[in-house]
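Written below as structure tokens is the structure these notes are about.
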Amino acid sequence: MAERRAESGFVIEPVYRTEPEGLAERLGEPGEFPFTRGVYSTMYRTKPWTMRQYAGFGTAAESNARYHQLLAAGTTGLSVAFDLPTQMGYDSDAPLAHGEVGKVGVAIDSLEDMRVLLAGIPLDKVSTSMTINAPAAVLLLLYQLVAEEQGVPGTALSGTIQNDILKEYIARGTYIFPPKPSLRLVADTFAYCRAEIPRWNTISISGYHMAEAGATPAQEIAFTLANGLAYVRAAMDAGLAIDDFAPRLSFFFVARTTILEEVAKFRAARRIWARLMREQGARDPRSMMLRFHTQTAGVQLTAQQPEVNLVRVTAQAIAAVLGGTQSLHTNSYDEAIALPTEKAARLALRTQQVLAYETDLTSTVDPFAGSYAVEAMTDEVEAAAVALMEKVASYGGAVEAIEAGFQKREIEASAFRIAQQIDTGERVVVGVNRFTLDEEEPYEPLRVDPAIEAEQAQRLARLRATRDNAAVTAALNDLRTAAQGSTNVLYPMREALRAYATVGEVCDTLREVWGVFRPSDRL
């Protein structure tokens with residue numbers, strides 16, 4: 001029988017006949033250290049995972065309409081996608097924004113736009129995740145300001161900002177500032193939220209984008225947890241006590257179609273993080289819990305025979321649920337072609353609802369516990385991830401390894417290997433290199449109106465003409481002074497945004513002080 005290897009490189013045995021040695025100690029009980037079996041004792045028996053749908057496109061008004069549709073369809077949490085100019089801290093009328101406004105997410109330039117985006121959404125009842133990194137603090141403050149206008153205090157808000165800048169240097173590229181001031185901004189956000197928005201998850205440390213770039217499951221969790229450790233140490237160096245901020249850390253992983261290895265990956269990640277946090281001095285059990293959001297694997301979606309993606313997404317969602325995710329986004333079957341249509345987004349949500357309410361996946365906690373195969377694979381993924389984390393540590397930590405290009409090289413090598421396997425047919429992709437059709441059925445994707453860019457520019461022009469520009473200048477000067485010093489930048493940033501400073505103006509002020517990151521040849 002031919003040898004089969006997992007994505008992480010270890011051999012998958014044709015038959016697992018014995019329980020791994022010392023399993024009981026590594027397992028523990030659900031909701032207890034080392035959390036292999038899940039972070040909560042009852043998991044989905046009392047309440048399903050949070051069902052999010054990642055959405056945002058065009059104008060704030062268009063995205064708001066989609067959010068209302070998703071909430072009416074049964075979504076229990078929103079997940080906001082921002083366009084590239086917003087992610088990079090540019091206003092929609094900036095030269096660098098040309099051609100990208102509203103394309104891969106919603107364009108948000110100011111408090112005005114955020115007000116429209118969230119109109120009619122009860123922010124004290126809906127948990128919101130925002131996929132934003134370098135300007136994460138800016139968008140969070142806009143969200144808080146709109147909530148205040150609704151009469152909702154910061155203490156009632158719940159949600160997550162991605163805010164994970166280190167993975168941007170490794171795999172995604174939407175960074176603005178160099179690593180050190182970026183980590184300072186993350187630490188300032190931790191401290192601000194502890195005081196002002198205590199229920200908010202201040203960072204979603206992401207392996208998803210590394211996985212989409214080609215990382216193996218072991219690389220995904222190794223580099224993500226190493227980045228997490230860097231954030232923890234940066235916050236502690238800034239004077240924060242670990243148990244004051246660590247309970248609000250969260251993670252973001254992918255779910256692939258390789259169900260057994262994915263379940264093993266999630267279980268191994270919880271175990272490693274619990275141990276790491278205890279070693280860093282955490283005493284609160286909540287500090288040791290690896291709570292995570294999962295998104296099904298966009299990179300595994302195909303433009304060929306797109307309906308087959310419904311099957312892929314279902315398999316990936318099953319892996320996430322069996323692995324113990326806290327929230328889940330299921331990709332729409334048409335996302336390899338364009339932004340999802342309303343029908344496709346609804347089908348993606350219905351996939352989760354069928355799993356939650358029509359199957360028995362929620363009947364028992366950690367169904368694979370004790371499985372010879374999954375327990376052995378959990379140990380294998382853990383060992384591979386720990387070995388990679390030790391290599392990161394040998395550079396001096398995640399930041400130093402990033403500067404040396406280590407993680408990027410490792411991921412690129414993995415991506416090249418996958419591409420080779422697909423080209424040779426060793427890795428089967430249904431509808432692409434096997435089981436193909438001579439002629440594909442026509443499909444009409446959702447398109448974003450290019451006139452949105454001009455509309456956003458007009459909105460910005462009106463805003464700058466009607467606001468108190470002297471107040472804006474004064475507020476931005478206060479932000480500049482804070483950035484030059486060591487005080488928390490989020491407080492003057494909030495007042496600048498309240499005065500209708502734009503996202504681009506706030507980020508430009510920080511660019512003046514902190515500079516921008518320029519990758520070296522190694523990156």
Side-chain angles (χ1 to χ4, degrees), residues 38 43-57 63 66-81 126-129 131 160 208 211-212 252-263 265-266 292-364 366-368 429-432 441 443 445-446:
M43 289 302 290
Y44 312 133
R45 284 180 57 82
T46 53
K47 182 183 178 184
W49 58 92
T50 299
M51 298 179 193
R52 298 191 187 279
Q53 286 304 111
Y54 185 49
F57 61 93
S63 293
R66 174 63 63 87
Y67 297 152
H68 281 283
Q69 290 164 1
L70 289 169
L71 290 169
T75 296
T76 54
L78 296 179
S79 186
V80 182
V126 172
S127 169
T128 304
S129 172
T131 301
T160 304
Y208 181 87
E212 294 285 278
F252 176 23
F253 295 119
V254 79
R256 301 170 180 81
T257 52
T258 44
I259 294 175
L260 298 182
E261 186 177 3
E262 290 299 283
V263 173
K265 176 193 76 178
F266 295 130
F292 63 95
H293 170 69
T294 308
Q295 181 173 337
T296 55
V299 75
Q300 291 187 322
L301 301 180
T302 64
Q304 299 90 336
Q305 300 180 42
E307 292 87 352
V308 177
N309 292 326
L310 288 165
V311 183
R312 293 188 178 100
V313 168
T314 302
Q316 294 160 359
I318 288 170
V321 173
L322 289 172
T325 192
Q326 275 60 70
S327 68
L328 178 61
H329 163 83
T330 34
N331 288 326
S332 300
Y333 72 89
D334 54 357
E335 285 189 57
I337 303 170
L339 290 167
T341 60
E342 181 183 345
K343 179 180 179 181
R346 185 171 60 248
L347 277 171
L349 175 60
R350 294 290 183 253
T351 302
Q352 294 197 51
Q353 291 167 334
V354 168
L355 294 181
Y357 300 109
E358 293 190 21
T359 76
D360 57 1
L361 291 177
T362 61
S363 298
T364 188
D366 192 22
F368 274 147
V429 182
V430 173
V432 176
E441 294 180 18
Y443 175 79
L446 177 68

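Just so it is clear, the structure is predicted and the values come from calculations on it, not from any experiment.
- In this structure a side-chain-to-backbone donor-acceptor pair under 3.5 Å is present from Thr359 to Leu361.
- Side-chain atoms of Thr314 come within 3.5 Å of backbone N or O of Leu310 as a donor-acceptor pair.
- At distances below 3.5 Å, at least one donor-acceptor pair connects side-chain atoms of Thr76 with backbone N or O atoms of Met51.
- In this structure, the side chain to side chain contact (heavy atoms under 4.5 Å, CB included) partners of Gln305, at least two apart in sequence or on a different chain, are Val308, Leu437, Glu440.
- Side-chain atoms of Val313 and Tyr333, non-hydrogen and from C-beta on, never get closer than 4.5 Å to each other.
- With Ser63 contributing its side chain and Phe57 its backbone, the two residues share a donor-acceptor pair below 3.5 Å.
- Separation of atoms CG (Leu78) and CD (Gln53) is listed at 10.5 Å; rounding is to 0.5 Å.
- In terms of heavy atoms, Ala319 sits closest to Ile259 at CB-CA, 4.0 Å.
- With a 4.5 Å cut-off on side-chain heavy atoms, Thr128 and Val80 count as touching.
- Checking Ser127 against Arg52 by side-chain atom types alone, a donor-acceptor pair falls below 3.5 Å.
- Nearest heavy atoms, Ala317 versus Thr296: N-CG2, 3.9 Å.
- Side-chain contact, Thr302 with Arg312: a donor N or O sits under 3.5 Å from an acceptor N or O.
- Heavy-atom neighbours of Arg350 CZ from other residues, nucleotides or ligands within 6.0 Å: above the threshold of 12.
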Residue pair Asn331, Asn309: steps toward the side chain to side chain contact (heavy atoms under 4.5 Å, CB included) verdict: CA-CA 9 Å; Asn331 288 326; Asn309 292 326; over 6 Å; no

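- A heavy-atom distance below 4.5 Å is not found between the side chains of Tyr208 and Phe253.
- Ring-plane geometry between Phe266 and Phe292 is classed as parallel, the angle between the planes falling under 30 degrees on a 0 to 90 degree scale with a further cut at 60.
- Residues Val126 and Leu71 are in side-chain contact: their nearest non-hydrogen atoms beyond the backbone lie under 4.5 Å apart.
- Across all their heavy atoms, Pro48 and Tyr357 have their closest contact at CG-OH, 3.6 Å.
- Judged as a side chain to side chain contact (heavy atoms under 4.5 Å, CB included), and not counting sequence neighbours, the contacts of Ala297 are Glu212, Val254, Gln300, Gln316.
- When the side chain to side chain contact (heavy atoms under 4.5 Å, CB included) test is applied to Thr160, the partners found at least two apart in sequence or on another chain are Ser129, Asn201, Ser204, Ser250.
- For the pair Tyr44/Leu355, no side-chain contact is recorded, criterion being any heavy-atom separation below 4.5 Å from C-beta on.
- Here the options are Gln352, Gln353, Gln295, the test is side-chain hydrogen bond (donor to acceptor under 3.5 Å, both in side chains), and the partner is Thr330; only Gln352 passes.
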Using the rule given for side chain to side chain contact (heavy atoms under 4.5 Å, CB included), can you reason through Lys265 versus Arg256, listing the C-alpha separation, both sets of side-chain angles and the distance that settles it, and then say yes or no? CA-CA 11 Å; Lys265 176 193 76 178; Arg256 301 170 180 81; 3.6 Å; yes

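- Considering CD of Glu335 and OG1 of Thr341, their distance stands at 9.5 Å, rounded to 0.5 Å.
- Atom-to-atom distance recorded for Ser332:OG and Leu349:CG is 9.5 Å, nearest 0.5 angstrom.
- Looking at heavy atoms from C-beta onward, Leu322 lies in side-chain contact with Pro367 at the 4.5 angstrom threshold.
- Atom CG of residue Asp334 and atom CG of residue Leu301 lie 9.5 Å apart, to the nearest 0.5 angstrom.
- Between His293 and Phe252, the two ring planes are tilted [angle within 30° to 60°].
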